[in-house]
Amino acid sequence: MIKEVNDINLPELNIFSKLGENELRHYYEPYGGLFIAESPNVIERALNAGCIPVSMLIDKTDAGNSETKRIIDIVEAKGKTEENIDTRVGVTKQEDIGTINIYAADKAVLRELTGFPMTRGMLCAFRRPRSKTVEEICAKASRIAVLEDVMNPTNIGAIFRSAAALGMDAVLLTKGCSDPYYRRAARVSMGTVFQIPWTYIENNRAENSSVQINSDYVKALQEMGFFTVAMALRNDTLDINDKAFKEKERIAIILGSEGPGLREETINACDATVKIPMMHGVDSLNVAAASAVAFWELRGGS
């Protein structure tokens, strides 16, 4: 059922208006947090990935169009799960259990509520899925991307989009990275953060595992059979076009933060260092652009 709202101070709208990304991340503790997905495309990919919706906010002028109706139908169906019972956002009465609250407002109210123009007219709050371990993520992967302290959510989103499009099987992140489920990151990724497996490196250990994943993650990846490649602006590098990379069964492509790049100890621990050749006096590429080149050149196959 769609409920029209004009009061931006309604407590059930706090998740869209008053809570920051970090507050949402810890909203349901100890049961896990929330994230906000924006636009029909991103919301649908989150739904297709099995994410559980808890509440939705739409532009009321879009309420009658076919795309909005289709997304609402999926949200309502996916939201009817035992996991949502009694702890869902906006559920205050027993008879409301089993329904997803969908709120509609005009554009002026939405802008005041969210603080930004909703160009695609739709936000949906989801429960955060359970985090997988590094070993679960990497079990069948032959090409993975590893992001070290990449803090810009736009870059995170762009890297995920390139990873999904250019043959990466998974993405690992250090805890210094921006959260791929942040609204901006997910939007820039076009929802691919819900399609490609990912997890944080630190403190991810499968039960009874002999592989400890921590700050010495390069060694752990090597023990799992990955040839580790540091992307760095150094002179002692291999040619990114070297055909030997195509023959490697498993490669981990490691990219560093905007500006400083990879830590020196990370570069030194890797099996190889690779630099993308530059022309016309350009000294480097943005990490998101560099990731696309690296993923394409270091992909498997002929």
Side-chain angles (χ1 to χ4, degrees), residues 134 137-138 141-182 184-186 188-190 192-193 195-202 204 213-222 224 226-242 245 248 250-278 282-300:
V134 172
I137 292 291
C138 294
S142 63
R143 293 293 186 275
I144 65 170
V146 183
L147 310 183
E148 185 178 278
D149 302 339
V150 178
M151 296 173 285
N152 186 302
T154 298
N155 283 337
I156 289 288
I159 291 169
F160 265 82
R161 190 173 180 183
S162 293
L166 301 173
M168 295 298 104
D169 299 310
V171 178
L172 302 181
L173 306 94
T174 65
K175 285 192 175 179
C177 290
S178 179
D179 185 355
Y181 284 161
Y182 280 178
R184 189 176 179 185
V188 171
S189 81
M190 296 296 289
T192 55
V193 295
Q195 294 180 305
I196 186 166
W198 67 270
T199 196
Y200 286 101
I201 288 169
E202 291 89 347
N204 274 268
I213 308 294
N214 51 34
S215 58
D216 298 324
Y217 66 86
V218 174
K219 181 180 178 181
L221 292 173
Q222 290 166 340
M224 285 191 282
F226 285 98
F227 183 83
T228 53
V229 174
M231 300 300 300
L233 296 172
R234 295 192 358 173
N235 292 324
D236 56 337
T237 60
L238 296 180
D239 187 341
I240 196 170
N241 297 307
D242 192 326
F245 288 123
K248 299 292 183 184
R250 309 184 91 189
I251 291 182
I253 303 168
I254 306 176
L255 298 118
S257 62
E258 304 87 348
L262 287 173
R263 294 190 287 262
E264 193 71 18
E265 57 266 33
T266 299
I267 297 173
N268 293 336
C270 285
D271 296 303
T273 305
V274 167
K275 179 172 67 175
I276 299 171
M278 298 287 120
V282 177
D283 59 354
S284 65
L285 293 174
N286 165 274
V287 65
S291 73
V293 176
F295 297 161
W296 175 253
E297 292 295 340
L298 301 177
R299 71 197 186 283

Fill in: Derivation of the side-chain contact (heavy atoms from CB on, under 4.5 Å) call for Thr266 and Tyr217
CA-CA 9 Å; Thr266 299; Tyr217 66 86; 3.4 Å; yes

Worksheet item: Who passes side-chain contact (heavy atoms from CB on, under 4.5 Å) against Gln195, sequence neighbours left out?
Response: Arg45, Thr192

Worksheet item: From Tyr182 OH over to Ser189 OG, what is the distance, rounded to the nearest 0.5 angstrom?
Response: 15.0 Å

Worksheet item: Between Ala170 and Ile137, what is the shortest heavy-atom contact and its length?
Response: CB-CG2, 3.2 Å

Worksheet item: Counting N and O atoms only, with roles assigned by atom type, does the side chain of Trp198 sit under 3.5 Å from a partner on the main chain of Val193, one being a donor and the other an acceptor?
Response: yes

Practice prompt. Please assess Met168 against Ile253 for the test side-chain contact (heavy atoms from CB on, under 4.5 Å), listing each intermediate value before the final yes or no.
Written response: CA-CA 9 Å; Met168 295 298 104; Ile253 303 168; 4.0 Å; yes

Response to the item:
Scanning both residues in full, the closest heavy-atom pair of Ala230 with Leu262 reads CB-CD1, 3.6 Å

Worksheet item: What residues form a side-chain hydrogen bond (donor to acceptor under 3.5 Å, both in side chains) with Arg184, not counting sequence neighbours?
Response: Thr154

Worksheet, complete the sentence: Here the gap from Leu298 atom CG to Ile251 atom CD1, rounded to the nearest 0.5 Å, amounts to 5.5 Å

Item to complete: Carefully, step by step, assess Thr199 and Val134 under the rule side-chain contact (heavy atoms from CB on, under 4.5 Å).
Response: CA-CA 7 Å; Thr199 196; Val134 172; 4.0 Å; yes

Worksheet item: Taking all non-hydrogen atoms of both residues, which atom of Tyr200 and which atom of Ser178 are closest, and how far apart?
Response: OH-O, 3.8 Å

Worksheet item: Does the side chain of Phe295 reach to within under 4.5 Å of the side chain of Ile159, using non-hydrogen atoms?
Response: yes

Worksheet item: How close do Leu147 and Cys177 get, heavy atom to heavy atom, and via which atoms?
Response: O-SG, 3.3 Å

Item to complete: Go through the structure and list residues passing side-chain contact (heavy atoms from CB on, under 4.5 Å) with Asp169, not counting sequence neighbours.
Response: Ala141, Ser142, Arg143

Item to complete: Output, in order, the C-alpha distance, side-chain angles, deciding distance and verdict of side-chain contact (heavy atoms from CB on, under 4.5 Å) for Met231 and Val287.
Response: CA-CA 10 Å; Met231 300 300 300; Val287 65; over 6 Å; no

Discussion item. The criterion is side-chain hydrogen bond (donor to acceptor under 3.5 Å, both in side chains); which residues satisfy it with Thr174, sequence neighbours excluded?
Written reply: Asp149

Worksheet item: How long is the span from the CG atom in Asn241 to the CD atom in Glu297, to the nearest 0.5 Å?
Response: 4.5 Å

Practice prompt. Quick one: closest heavy-atom pair of Val146 and Ala252, and the distance?
Written response: CG2-CB, 4.2 Å

Item to complete: Would you please name every residue forming a salt bridge (Lys or Arg N to Asp or Glu O under 4.0 Å) with Glu148, sequence neighbours left out?
Response: Arg263

Worksheet entry | Minimum heavy-atom distance between Ile156 and Pro180, given as atom pair plus value | CG2-CA, 3.9 Å

Item to complete: Would you mind listing every side chain to side chain donor-acceptor pair (under 3.5 Å) that reaches into residues 155-166, with sequence neighbours excluded?
Response: Asn155-Glu258, Asn155-Asn286

Practice prompt. Go through the structure and list residues passing ring-ring contact (aromatic ring centres under 6.0 Å, His included) with Phe226, not counting sequence neighbours.
Written response: none

Worksheet entry | Which residues share a side-chain contact (heavy atoms from CB on, under 4.5 Å) with Leu285, sequence neighbours left out | Ile276, Met278, Ala289, Ala290, Val293

Worksheet item: For Gln222, what residues pass the side-chain contact (heavy atoms from CB on, under 4.5 Å) criterion, not counting sequence neighbours?
Response: Val218, Lys219, Thr228, Asp271

Worksheet item: Atom OG1 in Thr273, atom CG in Leu238: separation rounded to 0.5 Å?
Response: 7.5 Å

Discussion item. Let me confirm one number: the CD1-CG distance from Ile254 to Leu221, rounded to the nearest 0.5 Å.
Written reply: 6.0 Å

